Amino acid sequence: MSEKMIRSIAVMTSGGDSPGMNCVIRSVVRAAIGERLKVYGIKRGYQGLLNNDMEEMNASSVGNIIHHGGTVLYTSRCPEFKEKEFRAKAAQILEDRDIDALVVIGGDGSFKGAKALHDEFGISVIGIPGTIDNDISGTDYTIGFDTAVQTAMEAVDKIRDTAQSSDRTFLIEVMGARSSSIALKVGICSGAENILLNSDEEVNYEKLSSDVRRGIRRGKNSSIIIVAEGESPGRSYNIAKVLEQKHDISSKVCVLGHIQRGGSPTPNDRFFASVMGKEAVSALISNLECHAVVVRENSVAVVPLDQCMQKSDHAMINYLGVSETLSI
Ligand code: F6P
């Protein structure tokens, strides 16, 4: 490992925003200032880096943001960054500005870009997992997940009021792309009658309809079915159609959508974001060059970045039985 002196770092948020990203930015900026580093905030992730769109930050640039969702640095998805010629341009921009290291707050795709910047151009990089999906390998937790679950759970509670009052079955679709983490946790926390995971691409309609009917026989007048969005949002509409046409069960669909990405972060998200941001700066100061700050068994740790570059569904599917047992 080369012993390079870190004097100046840059921080960015990349990919889908998640509540708690502002807490990480605040932590990185203030920890860096505490270490007498120069710190730049890059706007709109890799796209902003390619546009040389960044500014130096100070302690007050991150004042009063700890409780806000979204990201003051903005974010974007940047497909160009998959190409080496664009990464070369980014490395040159960092070099021209004498920036020694980059902190990337985002998901596995953003980490792949960071790893390539390190491997090809020797830029020190550190990743901090930020996505509502909780779908990154190597870490049990991603910043924003807890808030998204809280938001979705509150929405389901509200829908339950109207479902109950009007004798209705609701399909409530939650985000998570290919991960079922949000669906499973929200389903258990809101006492859903059924949870359709991502892996249930082929929905078992016989089971679903017989569960709904069994509930009715037992005196339930409403049902909540949580649906993991899967590959493409909106699959609940099709499920509702099949339930109606083939099983004579009518239902209402509610796709919660981007409401799950906003809002004030929960204490859990704020806590881990604050600890992880500071830890990222310490790792760079200790000359770690290509790492990620993760949460394992409820503790913050620093691990090689390549452990965190795969999608991994952290839905604890073994707990599905809890929901099935309790939702009778
Ligand atoms: O950030 C993750 C996520 O919210 C997924 O849960 C969802 O499928 C996707 O992003 C939506 O992306 P976009 O905001 O680009 O539509």
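Read the numbers this way: they start at 1 and go in the same order the structure lists the ligands and their atoms. The structure presented is a predicted model; accordingly, all values stated were derived computationally and were not measured.
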At what distance is the nearest protein heavy atom to [atom], and which residue and atom is it?
atom: atom 7 (C) of ligand 1; result: Glu229 OE2, 3.3 Å
atom: atom 2 (C) of ligand 1; result: Asp133 OD2, 3.2 Å
atom: atom 12 (O) of ligand 1; result: Arg77 NH2, 3.0 Å
atom: atom 14 (O) of ligand 1; result: His258 NE2, 2.8 Å

Quiz item: ligand 1 and Gly16, any nitrogen or oxygen pair closer than 3.5 angstrom?
Solution: no
Quiz item: If you measure every N/O of Arg261 against every N/O of ligand 1, is any gap under 3.5 Å?
Solution: yes
Practice problem: Could you go through the salt bridge (charged side-chain N to carboxylate O under 4.0 Å, His left out) check for Asp161 and Lys158 one step at a time? | Solution: CA-CA 5 Å; Asp161 290 344; Lys158 289 179 178 142; over 6 Å; no
Regarding [X] and [Y], does a basic nitrogen lie under 4.0 Å from an acidic carboxylate oxygen?
X: Arg160; Y: Glu193; value: yes
X: Arg261; Y: Asp17; value: yes
X: Lys207; Y: Glu324; value: yes

Quiz item: Which of these, Asp146, Asn298, Asp269, sits in a side chain to side chain donor-acceptor pair (under 3.5 Å) with Tyr141?
Solution: Asp269
Quiz prompt | Ligand-residue contact atoms, ligand 1 with Ala177, heavy atoms, under 4.0 Å | solution = 6 (O), 8 (O)
Exercise. Please identify which atoms of ligand 1 are closer than 4.0 Å to at least one heavy atom of Gly176.
Key: 6 (O)
Quiz item: Backbone, side chain, both or neither: what part of Ile132 comes under 4.0 angstrom of ligand 1, heavy atoms only?
Solution: side chain
Practice problem: Indicate, as side chain, backbone, both or neither, the part of Gln260 found under 4.0 angstrom from ligand 1 when only non-hydrogen atoms are considered. | Solution: neither
Quiz item: Is the shortest heavy-atom distance from the side chain of Thr71 to the side chain of Asn22 under 4.5 Å?
Solution: yes
Exercise. Take atom OH of Tyr74 as the centre, draw a 6.0 Å sphere, and report whether it contains more than 12 heavy atoms from other residues, nucleotides or ligands.
Key: no
